[in-house]
Protein chains: 2
Amino acid sequence: MARVLLVEDNVDLAYGLQNNLEIEGYEVRVAERGETGLEQAREWDPDLIILDLMLPDLDGYRVLQHLRKSGVMTPVLILTARGEESDKVLGFRLGADDYVTKPFGLMELLARVEAILRRVQGPSVSDAVEGQDAEEFGAVRIDVRSRTVLRDGIELSLTPKELDLLLALIRRRGAVVSRLELLQEVWGHRAAVVSRTVDTHISELRRKLEEEPSHPRHILTLHKAGYRFQP
Amino acid sequence: MARVLLVEDNVDLAYGLQNNLEIEGYEVRVAERGETGLEQAREWDPDLIILDLMLPDLDGYRVLQHLRKSGVMTPVLILTARGEESDKVLGFRLGADDYVTKPFGLMELLARVEAILRRVQGPSVSDAVEGQDAEEFGAVRIDVRSRTVLRDGIELSLTPKELDLLLALIRRRGAVVSRLELLQEVWGHRAAVVSRTVDTHISELRRKLEEEPSHPRHILTLHKAGYRFQP
DNA sequence: CCCACCCTGACAAATTCCTGACAGATCCTC
DNA sequence: GAGGATCTGTCAGGAATTTGTCAGGGTGGG
């Protein structure tokens, strides 16, 4: 869900807006000062910043300027009482995406927020040329992006749990991973199950991936300790 | 340079705006009627549409509605005398990107135009589907521009949602896309639906596109993960 | 009013998961 | 090194979850 950073020193207004934005389904954080706004913008990496121009410390324009200068291209909606055209033009020139003057209609503001977010995150999140995350060992090749596993070039179908388990092991290649850890990583933070669940899946993995399932070369058992993946 | 389509029946205003936009370096065309506006939007494929609501034939809202419904996602800036909040909210709801009420400051308008284009021009240029406006797989051929889909040379009619869904999958070909992501990309970022909506549309797509809908070769299910498009 | 489209809920089908049993391995103690 | 205790491998069946498909109703445009 989209994240909205609200930089506004008027606590009442901020609170009301936060509520309404949250009702719309956004995740909202409030910064009451320019400095904290800048920090949050950089660290939290919101999808939209609603920026009041009148702030106790830094001027809103300054905040915007700093952001853009430091390469933060998050959309910014300016919210202020200053309605002079020259103010607006300056705001846009500094890289704002919209400019709303107080007093404003709540519905309109929400609609504008939605319009900006629709435009920004509409096409696609942030993919296209993502880092190739592929793994390879023996005759096996794993493409995480497509959740595909090839062996000798032919695709074999791992179930979701199997793939997750395999990836959990690969992620910690060379190290022993206990059943409990695997349970937590793959199955979610749950109490220790006392059954053959993990082993069963390991067995299945070996059957599918290993040349000789009974003498595994990649998915090894460490007696009394757990399993270890060997590339 | 960016192309701006101005849909405005007031000739004086249109002329003045056209001049100013051209001075700013935009390529501008003017449509004085809603119908011609729609045509130009589809054929000329502008980067931005400035749309007056009061038009001799079609209502501006209708124009916008038609555009979005037929999948034209060009940014739209609404320009009108109607300043009621409900009008604005309606405009945004129909997919507008900005809403400026007359009388407006020229500088502000230009700044808003620039802001929208700045935001839009960035990522979408290198977009996988946008870059190429034809897709082909199996016996199927898609012309993105005209939103036409042929199979074995004969046209088959996909509904807007179906086509959007298909394009969302194609845009990330080879990668698993979860139902939630599809909901966000195709249905808007507000979705948290828990029903068979996505699946139903997928099913319909397969029925129309796949040779053997029950053994799809292009639109694949990744159990517990989502769907994946395979060219 | 009719039609296209979309969504929903219900059910069937498919897939995956878990469990318990048992056999085989391994370890440990004496 | 024998024997018992524990740990691991494997299997099959049913349980649980996830997906496919369909029909019906709502909606809005023409």
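Side-chain atoms are counted along with the backbone in the values below, which use heavy atoms only and exclude waters and symmetry mates.
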Quiz item: Starting at the 5' end of DNA chain C and moving along, which residue's nearest nucleotide shows up first, B:Pro160 or A:Ser157?
Solution: B:Pro160
Quiz item: Do any side-chain nitrogens or oxygens of B:Thr197 fall under 4.0 Å of OP1 or OP2 in C:dC6?
Solution: no
Exercise. Kindly point out which of C:dT19, D:dT18, D:dG20 is positioned nearest to the side chain of B:Arg196?
Key: D:dG20
Quiz prompt | Distance in angstrom units between B:Glu204 CD and C:dA4 C1', rounded | solution = 12 Å
Quiz item: Any side-chain N or O of B:His66 less than 4.0 Å from the OP1 or OP2 oxygen of D:dG30?
Solution: yes
Exercise. Name the closest nucleotide to the A:Thr221 side chain, picking from D:dT8, C:dC18, C:dC6.
Key: D:dT8
Quiz item: Looking at A:Glu136 and A:Arg141, does any basic side-chain N land under 4.0 Å from a carboxylate oxygen?
Solution: yes
Quiz item: Any side-chain N or O of A:Thr159 under 4.0 Å from OP1/OP2 of C:dT15?
Solution: no
Exercise. Could you check B:Ile202 against B:Arg62 and say which one's nearest nucleotide on DNA chain D is further toward the 5' end?
Key: B:Ile202
Quiz item: Rounded to the Å, how far apart are B:Leu183 CG and C:dT8 P?
Solution: 10 Å
Practice problem: Taking A:Arg118 for its side chain and B:Ala96 for its backbone only, find out whether a donor-acceptor pair lies under 3.5 Å. | Solution: yes
Quiz item: Does a side-chain N or O from B:Lys224 land closer than 4.0 Å to OP1 or OP2 of D:dT18, or not?
Solution: yes
Quiz item: What nucleotide among D:dT19, D:dG9, C:dT26 has an atom nearest to a side-chain atom of A:His223?
Solution: C:dT26
Practice problem: Report yes if at least one side-chain N or O of B:Ser203 is closer than 4.0 Å to OP1 or OP2 of D:dT19; otherwise report no. | Solution: no
Self-check item: Length of the line joining B:His215:NE2 and D:dT21:C1', which is rounded to integer Å
Solution: 15 Å
Practice problem: For B:Leu51 and B:Leu55, work out which heavy atoms get closest and say how close. | Solution: CD1-CD1, 4.3 Å
Quiz prompt | Protein-nucleotide distance (A:Asp164, atom CG; D:dT17, atom C1'), rounded to Å | solution = 15 Å
Quiz item: Side-chain contact, heavy-atom cut-off 4.5 Å: A:Glu210 with A:His218?
Solution: yes
Exercise. Identify whether any heavy atom of A:Arg179 sits under 4.0 Å from a base atom; if not, whether one sits that close to sugar-phosphate; answer base, sugar-phosphate or nothing.
Key: sugar-phosphate
Self-check item: Side-chain N or O of A:His201 closer than 4.0 Å to phosphate OP1/OP2 of C:dC18
Solution: yes
Quiz item: Counting only side-chain N and O atoms of B:Tyr227, is one of them less than 4.0 Å from OP1 or OP2 of D:dT18?
Solution: no
Quiz item: Is any N or O donor-acceptor pair between the side chain of A:Arg206 and the base of D:dG9 shorter than 3.5 Å?
Solution: no
Quiz prompt | From D:dT8, C:dC18, D:dT19, nucleotide with atom closest to A:Asp199 side chain | solution = D:dT8
Quiz item: When rounded to the nearest 0.5 angstrom, what is the spacing between CG in A:Leu21 and CG in A:Leu5?
Solution: 11.0 Å
Exercise. Please report, rounded to the nearest Å, how far the C1' atom of C:dC6 is from the CG atom of B:Leu182.
Key: 16 Å
Self-check item: Separation of atom CG in B:Leu220 from atom C1' in D:dT19, rounded to whole Å
Solution: 14 Å
Quiz item: If we only count heavy atoms from C-beta on, is the A:Val144 to A:Leu167 side-chain gap below 4.5 Å?
Solution: yes
Quiz item: Quick one: is C:dC7 close enough that its OP1 or OP2 comes under 4.0 Å of any side-chain N or O from B:Trp187?
Solution: yes
Quiz item: B:Lys161 has an atom NZ; how far is it from atom P of D:dT27, in whole Å?
Solution: 16 Å
Self-check item: Worked check of side-chain contact (heavy atoms from CB on, under 4.5 Å) between B:Thr221 and B:Arg228
Solution: CA-CA 6 Å; B:Thr221 301; B:Arg228 173 159 62 95; over 6 Å; no
Quiz item: With sugar-phosphate meaning primed atoms plus P, OP1 and OP2, does A:Thr200 contact a base, only sugar-phosphate, or nothing at under 4.0 Å between heavy atoms?
Solution: base
Quiz item: Considering heavy-atom distances to DNA chain D, does A:Arg207 or B:Gln65 have its closest nucleotide positioned more toward the 5' end?
Solution: A:Arg207
Self-check item: Contact under 4.0 Å: B:Tyr61 side-chain N or O vs D:dG29 OP1/OP2
Solution: no
Quiz prompt | d(CG, B:Leu180; P, D:dT18) in whole Å | solution = 14 Å
